[in-house]
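Heads up, the thing below is written out as structure tokens.
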There are 2 protein chains.
Amino acid sequence: MATAYAAPRGPDSRAAACPGTVNGHSLCAPLHKGTNLDVNPSHPLVRPGAYRPSVPLEHRLVTRRIPQARDRGIPDATVARLPLYLRALNGLSERATLTVSSEDLAAAAGVNSAKLRKDLSHLGSYGTRGVGYDVQYLIYQISRELGLTQDWAVAIVGVGNLGRALANYGGFASRGFRIAGLLDADPAVVGDQIAGLVVEHTDALETVIADRSVSIVVIATPAAAAQHVCDRVTAVGVTSILNFAPVVLNVPDGVDVRKVDLSIELQILAFHEQRKASGGPIMAEEWPDGVEPVNERSIGASS
Amino acid sequence: MATAYAAPRGPDSRAAACPGTVNGHSLCAPLHKGTNLDVNPSHPLVRPGAYRPSVPLEHRLVTRRIPQARDRGIPDATVARLPLYLRALNGLSERATLTVSSEDLAAAAGVNSAKLRKDLSHLGSYGTRGVGYDVQYLIYQISRELGLTQDWAVAIVGVGNLGRALANYGGFASRGFRIAGLLDADPAVVGDQIAGLVVEHTDALETVIADRSVSIVVIATPAAAAQHVCDRVTAVGVTSILNFAPVVLNVPDGVDVRKVDLSIELQILAFHEQRKASGGPIMAEEWPDGVEPVNERSIGASS
DNA sequence: TAGATTGTTAATCGATTAACAATC
DNA sequence: TAGATTGTTAATCGATTAACAATC
């Protein structure tokens, strides 16, 4: 049954393989265009029509995934914005909003409405013309797309100030990220209890990853230790790393590294600030009296 | 003297305004193509030829900036990578490397060498064909471009785990970012000493910003407080904000907001992880025995 | 000079956006 | 039906990259 909708692979082959299309809209109803997810057509949650948001979504849908097919169909820029939409939708949900237009949702997420519609169109046709998007339904579809309908075990390596902040950050657990381990190389820190977990020694890194099915590792160590930690975790099969250490990690093919660099963000701000202000916050000299808006400023003390 | 090189404004007007060009290379020697910085041509540091890297760079160059002119000439994507190059160059500098090729520097920064050369060409022609780039000279040019040759006063609002981590982060001070104030609304935190600073009450926010010439504000408050803090600091003229709170800030025109969202990074990793693994880390069912690579998986407990 | 490497070109790729036909 | 709003198109814009002439 699931394979009945399987289309030949290759660029844009999905629509062509369907028995009919109108203006590019697939007529293969249960297989949402632009998705790889083959949805059970008899299920009450499947659109259009019978969706009832009163029943917990997690217990209703059976999906059959054809791996690695349309995934390339979702642009990176779109993936990076889906969490923004999800957050905006959750805000609407808390205020009991049932439907939302692309215009309003885009405003809440801080993006252009055309961009929002384009992004959502990569997931499928989940809106209703003339009405908007069902908030609960869209929350579910985006969550599923991002993999947030399952639980992800995360290990944090390096329990300094930043590691502690991450361990205590409430935004993880609410999105399906479960801190499954805190590890540090410093014996003075090992044994501390943080956010309900006992800090373990990094000697146990491989064991923790294997025993607790950790799939995402957060590196919050000093720069000098980061590559070594990275090597160890990729060696035991971890393929997703969030790196806070200010180094470029070398990883095997197939490993995703995302990097958060606090000082880089400040440097980008400084670049723009330098240009907005005609001189900057610390200006020893006044403007010269010339007609041109020229900033004469000596760098450093002498000269 | 500074205004002698001022070119008419407008797209690509700089090269056209020069007395002569060869293949797009400006013959206006002291005005490096693609920069707005009018360099003193008689200064020994000015290229080509007389550059001697043995003298501290900060004490040698006098620049005259023509505000807001070529700044639009540096693409955002390039600006975001300059800090990466700077970090890689500092690494080379520590190992006493004098020159570096675009190939090697690109490898150290984790980018394509053509991209690196393209990026650097936006700053000027600071390399030497057949040789490479002088490490010290390039460090100085990138630092100047990013505004790191001056001191920036930063205030951190919200001294929870994250605020403390930021206050203690060594990567700021080394790049010219000086923490000038730590503020929190919680009386239990006010008065604490962190990273050599005493935490002040947010009541003093406007005073601290004005008295200490704060130009960059880091918001590390809970989400609910972020917009209010943002409103207050923009009202007194702050135009650069680094926001860690998980909200979209509304700001007046001309204010730059950069956002660091820890959970968004994890969500993007989860998206890719879900696709790499054919199912994910928590897999209750086995693959069905069919010929197709179909993943049958129920979401949640029932069904 | 010969070898090496930059800075630029031009092709390609991906992202953004306004406009609007489709359609609820 | 009339009004509203989606999903798509197509134009534009910006970023990436290989290739190579320029030139040290």
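What's counted below: heavy atoms across the whole structure, side chains too, no hydrogens, waters or symmetry copies. In the text below, chain A, chain B and the rest are named by the order of the sequence lines, each starting its count at 1. Computed from a predicted structure; not experimentally measured.
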Grab the [atom1]-[atom2] distance between [X] and [N] for me, whole Å please.
X       : N       : atom1 : atom2 : value
D104(B) : dT6(C)  : CG    : C1'   : 14 Å
D119(A) : dT16(C) : CG    : C1'   : 10 Å
L105(A) : dT5(D)  : CG    : P     : 13 Å
R81(B)  : dG14(D) : CZ    : P     : 15 Å
L120(B) : dG7(C)  : CG    : P     : 8 Å
L116(A) : dA19(C) : CG    : P     : 18 Å
N112(B) : dA11(C) : CG    : P     : 19 Å
L123(B) : dT8(C)  : CG    : C1'   : 15 Å

Side-chain-base donor-acceptor pair under 3.5 Å for R129(B) and dT6(C): yes

Lys/Arg N to Asp/Glu carboxylate O, E103(A) vs R117(A), below 4.0 Å: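 Result for this pair is no, no salt bridge flagged.
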
Nearest-nucleotide 5' precedence on DNA chain D, S101(A) against D76(B): S101(A)

Quick check on [N]: is either OP1 or OP2 less than 4.0 Å from any side-chain nitrogen or oxygen of [X]?
X       : N       : value
Y133(A) : dG7(D)  : yes
Y126(A) : dT5(D)  : no
S102(B) : dT5(C)  : no
T128(A) : dC24(C) : no

Touch class at under 4.0 angstrom, heavy-atom based, for A114(A) against every strand present: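 The residue A114(A) makes base contact.
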
D104(A) backbone acceptor or donor facing S101(A) side chain under 3.5 Å: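 Checked: pair present.
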
For the student: nearest non-hydrogen atoms of Q136(A) and S93(A), plus distance: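 Taking every non-hydrogen atom into account, NE2-OG, 2.7 Å.
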
First encountered from the 5' end of DNA chain C, between K118(B) and V100(B):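 Closest to the 5' end, via its nearest nucleotide, is V100(B).
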
Lys NZ or Arg CZ of R81(A) over Y85(A) ring: under 6.0 Å, within 45°: no

dA11(D): pairing nucleotide in any strand, Watson-Crick or G-U under 3.5 angstrom: dT16(C)

Centroid separation Y133(B) to Y126(B) less than 6.0 Å: no

